[in-house]
Amino acid sequence: MRVLVQKFGGTALGDSERRRTAAGKVREAVEAGYSPVVVVSAMGRKGQAYATDTLLDLIGDEGCPVSLREQDLLLSCGEVISAVVMAVELKKQGQEARALTGAQAGILTSSEHGSSRVKKIATTRLQSLLESRIIPVVAGYQGISPEGEITTLGRGGSDTTASVLAYALETEKIEIYSDVSGFMTADPDLYSGAVKIKELTHKEACELTNLGARIIHPRAAEVARKARIPIRVKYNGEDNSGGSLIDSEVNIEQDKAITGVATRKNVIFVEVFLEKAESYSKDLQIFKLMAEKMISLDMINIRTDKLTFLLDKPRIKTARKVLSDNDYKFSFHDDFCKVSVVGGGMTGQPGVMARVVEGLNSAGIKIYQTVDSHTTISCLVKAEKETAAVAALHEAFNLNEEVE
Ligand code: ASP
Ligand code: MG
């Protein structure tokens, strides 16, 4: 049996015509000899009746705190509704289909609510449906904890559902359908000159998504990478261009140093001032203290007189408390963003940093800090310069020349 996972994003299911198109893609897969497992996100975007953000608004009022348990229960409904509607659409198109919640599909998660981790997939039910030629339509983004509670996998988590199911069922490939034509060289909302990346490696996809590219969830890219399962990101509509292929095997263009640009704005830049040399060792405890509070830090720079790092904006309160409770002198800045270039081809290529610096500098953008790896270079710039920085880097590396 040739199994594939087809995942449809919220906007790809936003209205009845799009759902018809989506079901058509499933039918095409069946006709091509595949046994598809369909994974769906909640339909539509904020404002549309069953979108995740709309459901969140139902309980979002201050004054009545909602537990994450209840929130998970509510939000999981968006994907359940979507699964039922898609199963019905498939039946209308002559396909046998069965809607399943994450729990019914055997997705077993850790206990924490809001951003659970998938621990195990009990595939028996999915396998018997596949053997009976019934298409499972699985509600993405959710699972069940050992306590029998409904959990969710964090925003954007339907992609992760797709990857973990592909991993557990050892599928041939994953197809992710959305409202863009593929993985782009930059966020098209920030830079209109962005073009589709035809092929990229799993590693590049992981780096780009971790550094802010929103096309798929970073954890989904990571799972697919570990399982070495190719992902095709496609437009849900008329588009025969094939979208983007994420694969471990693709040939990295040797002369192309950079594959794409990504940015993250939702960050706080923290400076911690180390005033006394004698307390240096004690001051370095900060990393342990932050870790104890599960705060993850990024772009860390350690000097003898100062420590700097980035943290995610939602962790600001906890981080501030850790620092003040331990008598650190510090300042927080919320007006920065991290802009990064990613490319498997930059390894060992001289001059990549020079082009980054030159590109940003000639656009009048100051760099406050950098961090790099074999395949990434990130710069901290002022948040107001985000769009200009994306354009400058895109142009510095001629990324709009689509590679054939
Ligand atoms: N519906 C969820 C969200 O909006 C999960 C997903 O779409 O992947 O985050
Ligand atoms: Mg998504």
Side-chain angles (χ1 to χ4, degrees), residues 5-15 18-19 22 37-60 68 71-86 99-103 105 107 109 113-118 137-144 150-166 174-184 187-189 205-206 208-210 212-224 231-236 243-244 246 262 264 266 312 314:
V5 172
Q6 293 182 300
K7 183 256 166 182
F8 295 91
T11 44
L13 301 171
D15 56 43
R18 290 211 178 98
R19 292 192 285 274
V37 173
V38 176
V39 174
V40 290
S41 288
M43 297 183 295
R45 320 194 132 94
K46 192 178 170 85
Q48 283 178 268
Y50 312 110
T52 305
D53 285 307
T54 311
L55 297 175
L56 206 49
D57 278 350
L58 289 175
I59 52 168
L68 281 175
Q71 184 169 303
D72 273 358
L73 206 49
L74 175 70
L75 297 189
S76 67
C77 298
E79 269 71 11
V80 175
I81 293 170
S82 205
V84 173
V85 174
M86 260 304 270
L100 299 170
T101 65
I107 298 173
T109 73
H113 285 283
S115 58
S116 295
R117 293 259 172 179
V118 176
V137 184
V138 182
Y141 174 56
Q142 57 184 273
I144 189 162
I150 301 299
T151 51
T152 63
L153 309 179
R155 295 305 303 270
S158 295
D159 292 336
T160 309
T161 305
S163 281
V164 295
L165 290 183
I174 303 167
E175 290 179 351
I176 294 188
Y177 289 92
S178 74
D179 58 344
V180 290
S181 60
F183 218 116
M184 306 295 277
D187 182 342
D189 290 340
C206 288
L208 279 165
T209 53
N210 271 319
R214 288 173 306 156
I215 184 92
I216 59 170
H217 196 275
R219 228 184 273 168
E222 201 58 56
V223 174
I231 306 181
R232 213 172 255 290
V233 181
K234 286 179 164 183
Y235 176 65
N236 181 37
S244 302
I246 305 170
R264 283 190 60 213
N266 210 13
D312 288 338

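Please read these numbers as outputs of a predicted model, since none were measured by experiment. Each ligand, and each atom within it, is numbered from 1 in the order the structure gives.
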Q | Any donor-acceptor pair under 3.5 Å from T151 side chain to H113 backbone | A |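 No; zero donor-acceptor contacts below 3.5 Å.
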Q: Return the set of residues passing salt bridge (charged side-chain N to carboxylate O under 4.0 Å, His left out) with R264 (not counting sequence neighbours), or none when no residue passes.
A: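 Listed in chain order: D298, D312.
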(Q) For R45, give me all partners under salt bridge (charged side-chain N to carboxylate O under 4.0 Å, His left out), at least two apart in sequence or on another chain. (A)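 With sequence neighbours excluded, R45 shows a salt bridge (charged side-chain N to carboxylate O under 4.0 Å, His left out) to D179, given in chain and number order.
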Ignoring hydrogens and angles, write down the donor-acceptor pairs under 3.5 Å from the side chains of residues 76-86, residues two or more places apart or on other chains.
unit_1: S76; atom_1: OG; unit_2: D72; atom_2: O; d: 3.3
unit_1: S76; atom_1: OG; unit_2: L73; atom_2: O; d: 2.8
unit_1: E79; atom_1: OE2; unit_2: A42; atom_2: N; d: 2.9
unit_1: S82; atom_1: OG; unit_2: S41; atom_2: O; d: 2.6

Q) In Å and rounded to the nearest 0.5 Å, what is the CG to CG distance from L74 to L56? A)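 Taking CG in L74 and CG in L56, the distance rounds to 8.0 Å.
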**Q.** Gap between atom CD1 of I107 and atom OG of S116 - 0.5 Å precision
**A.**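 Those atoms lie 11.5 Å apart.
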Write none if no such pair exists; otherwise list each N/O atom of ligand 1 with its protein N/O partner under 3.5 Å and the distance.
unit_1: ligand 1; atom_1: 1 (N); unit_2: T52; atom_2: OG1; d: 2.6
unit_1: ligand 1; atom_1: 1 (N); unit_2: E79; atom_2: OE2; d: 2.6
unit_1: ligand 1; atom_1: 4 (O); unit_2: T52; atom_2: OG1; d: 3.3
unit_1: ligand 1; atom_1: 4 (O); unit_2: R155; atom_2: NH2; d: 2.9
unit_1: ligand 1; atom_1: 7 (O); unit_2: S41; atom_2: OG; d: 3.1
unit_1: ligand 1; atom_1: 8 (O); unit_2: G156; atom_2: O; d: 3.4
unit_1: ligand 1; atom_1: 8 (O); unit_2: G157; atom_2: N; d: 3.3
unit_1: ligand 1; atom_1: 8 (O); unit_2: S158; atom_2: N; d: 3.0
unit_1: ligand 1; atom_1: 8 (O); unit_2: S158; atom_2: OG; d: 3.1
unit_1: ligand 1; atom_1: 9 (O); unit_2: R155; atom_2: NE; d: 2.7
unit_1: ligand 1; atom_1: 9 (O); unit_2: G156; atom_2: N; d: 2.8

